[in-house]
There are 2 protein chains.
Amino acid sequence: MSILREGEKLEDLQRNNLKIIQKKDAYRFSTDAVLLAHFVKLSKEDAMVVDLGTGSGILPILLSALYPRAAFVGIEIQEELADMAKRSVELNGLENSVQIIHGDLRRITDYLKPNCADTVVTNPPYIPKDGGLVSPNRSIALAKQEILCSLEDIFYAANRILKGRGSMFMIHRPQRLGDLCCLGRKYDLEPKGMRFVHPKAGREAHMVLIEFVKNSLPGMKVFPPLVVLKENGKYTQEVEEMYYGEKGQ
Amino acid sequence: MSILREGEKLEDLQRNNLKIIQKKDAYRFSTDAVLLAHFVKLSKEDAMVVDLGTGSGILPILLSALYPRAAFVGIEIQEELADMAKRSVELNGLENSVQIIHGDLRRITDYLKPNCADTVVTNPPYIPKDGGLVSPNRSIALAKQEILCSLEDIFYAANRILKGRGSMFMIHRPQRLGDLCCLGRKYDLEPKGMRFVHPKAGREAHMVLIEFVKNSLPGMKVFPPLVVLKENGKYTQEVEEMYYGEKGQ
C-alpha cells in the first residue's frame, strides 16, 4: 500500500473502521491511549481539543470516533511521527476534523492562539530526563523520556492555550503524582479528578488518569479504580468495551 | 464506674480487651482511626510514635495493641479530651507506653525535642476553616474543622519532630489531595504511598490513607483500593479483620 513507508505497518483500531499507521520498531501507541480517550469528557460536542505530543495521532483519531463534531489539533515534535500521523488522518478521511502540526510544544503559541482550546489531552513521556535507561531507539526515547519535553513544559503549554475552566486530561504514572499535583497548582491547573489504573485487582496502580481544570478551586474526586486484566489475563469487561464497545460505533 | 465523668461512656475496642472512654455527645472516634492504625507501618518495633491531635487517644491505644514495644505520645489541644484520653490510658494499664500531652501542636517543640520521632500519625480535622458548616458542638467543631489547627500546622509540626527518613501516616479526604501533596513538598515530607478507601466497590473514594517520608525523593506508590462495605452493607473481610482480627491479639 503506497501510503505506508518502509518499516511501517497498518493497525486496525477495531472502531469505526479506523486504521492507524505505526512504526514497527519505534514508538507505538499502547493501552494508555485507549484508556485516556475513554477518560476524556468534552464540555461540549463541538469542542476545540489539543493533543500535546500526539505521536502517531492515536488520541485525536480515537477521540474523533467518540466525538465526531469536535475539532482536534495534535502537535508533535518528531517530524517522522508527525508525517505518519498526517497520513493516518488522511487514510481515515479525517482531514476536516483533525489537524496535525509538526512543532515544539514549548513554543505552543507559535502555532495556536492563547486560550483557544476547550480541552487539552496528553499522554506525555513518563520518565524524567535523568531517570532510568534511555532506549537506544531515538524515537522511542523521545516519546517515553522527558528529553525534548519536560512534564513542566506540558503544564506551561496547557496553561497558555486552555480557556478558563477548560480541562486537561492526562495519563501518567502514579509515581509522579506529587509532581503532577504541584505542577498543576504552579500553572493554575487544579487537579480535580483521578482514576487509578491497576493491571489486575489487588495490585498496585501502574497508571493514573487525571483531570486538571484551569482557574478552579481545590477539590479532588477519586473515581472507582479501573482494572485492566482479569485473573485469567484477559481484558476486564470495561476495558474490552473500550476497545471494541458500542460507544461511537 | 468512677473513671467515667458525666456524659461519658465506655466502649469496648474488641481487641486485647482494650476499652476507650468517649463522650456521648461530642467527638467520637470513627472507622477512620481503625483504618489508619492498620495502614501504619513502624520502621522498628520500639519506635517513638507521635499522634498529632490524638482526641480520645484512640490511635495510640489501638497502635499499642499492634506494636506493644513502641512508645507513643499523643498531643491534644482540647483539655477535656486530653483528660479523657489520659484516663483511657490508665484504664488500659498503658501508662508505660502511652503518654498524653495537653498542648498545642503549633508549638510542638515546647513539649517534644526536634527530630525525636520515628513516626508521626494523624487523623486531622478534615474541613477547612471556611468550608462547610461548623458543628454547633464546640468539641466536634474543633475535631472536625481547621479552627485551632490547619492542615499546614500539621505538616509544620511533623517536619519539626520527625527524624530524617521518618514517616508520617495520615488519613484525610481525597478532596484535599492537591493540598496534601503540595504542603508535603513545602515541609520536606514527600508523599510516597497512598491507599484510597471506597465506601463500597464502584463508588468514589471517601478517604485516603497517605504516607509521607521526610527528606525523601519523589516516587509515589498507589496500593490496591480498600473497600469498607460489601453490597449487603456489612464490613468486607479486610475491614472485619481490622476490627476483630488476629493481628495483635
Side-chain angles (χ1 to χ4, degrees), chain A residues 126-132 146 151-152 155 172-213 216-228 231 236-238, chain B residues 126-132 146 151-152 155 172-213 216-228 231 236-238:
Chain A
Y126 292 143
I127 305 166
K129 198 167 183 175
D130 303 322
E146 298 180 357
L151 191 52
E152 181 153 4
F155 281 92
H172 216 293
R173 298 283 182 234
Q175 287 88 321
R176 303 294 296 277
L177 261 180
D179 297 332
L180 290 168
C181 291
C182 296
L183 284 171
R185 290 237 164 138
K186 181 170 174 185
Y187 289 94
D188 206 5
L189 289 157
E190 184 66 25
K192 296 291 285 185
M194 289 201 299
R195 190 167 187 202
F196 290 93
V197 184
H198 299 259
K200 288 187 173 184
R203 299 263 195 91
E204 283 178 19
H206 65 313
M207 293 187 264
V208 58
L209 296 155
I210 182 164
E211 177 181 5
F212 301 86
V213 179
S216 174
L217 291 173
M220 180 92 84
K221 282 191 180 188
V222 177
F223 302 107
L226 173 57
V227 178
V228 179
E231 272 314 305
T236 55
Q237 190 184 342
E238 182 172 5
Chain B
Y126 292 142
I127 304 165
K129 197 167 184 176
D130 303 320
E146 298 181 357
L151 190 52
E152 181 152 5
F155 280 91
H172 216 292
R173 297 283 182 232
Q175 287 87 322
R176 303 294 296 277
L177 261 181
D179 297 333
L180 291 167
C181 290
C182 296
L183 284 171
R185 290 238 164 139
K186 180 169 175 186
Y187 289 95
D188 206 6
L189 288 156
E190 184 66 25
K192 296 290 283 185
M194 290 202 297
R195 190 168 188 201
F196 290 93
V197 184
H198 299 258
K200 288 188 172 181
R203 299 263 195 91
E204 282 178 21
H206 65 313
M207 292 188 266
V208 58
L209 296 155
I210 181 163
E211 178 180 4
F212 301 86
V213 179
S216 175
L217 291 173
M220 180 92 85
K221 282 190 179 190
V222 177
F223 302 107
L226 174 56
V227 178
V228 179
E231 272 314 303
T236 55
Q237 190 183 343
E238 183 172 5

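All heavy atoms count here, side chains included; hydrogens, waters and symmetry mates do not. Sequence lines set the chain letters: A, B, ... in the order given, protein chains first and strands last, and positions in each chain run from 1.
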Original post:
Which atoms form the tightest heavy-atom contact between G178(B) and P191(A), and what is the distance?
Top reply: CA-CG, 4.4 Å

Subject >> Side-chain touch D179(A)/M220(B), heavy atoms, less than 4.5 angstrom >> reply: no

Subject >> Minimum heavy-atom distance C182(A)-C182(B), with the two atoms named >> reply: SG-SG, 3.2 Å

**OP:** Side chain from CB out, backbone as N, CA, C, O: work out which of these in R203(A) comes under 4.5 Å of a heavy atom of chain B, or both, or neither.
**Re:** backbone

Original post:
If you measure from CG on L177(A) to NZ on K221(B), what distance do you get to the nearest 0.5 Å?
Top reply: 14.5 Å

Subject >> Which of R195(B), E190(B), E204(B) touches chain A most, by non-hydrogen pairs under 4.5 Å >> reply: E204(B)

Original post:
Is it the backbone or the side chain of F196(B) that comes under 4.5 Å from a heavy atom of chain A, or both, or neither?
Top reply: side chain

Subject >> Contact leader toward chain B among M194(A), Q175(A), H198(A), where contacts are heavy-atom pairs under 4.5 Å >> reply: Q175(A)

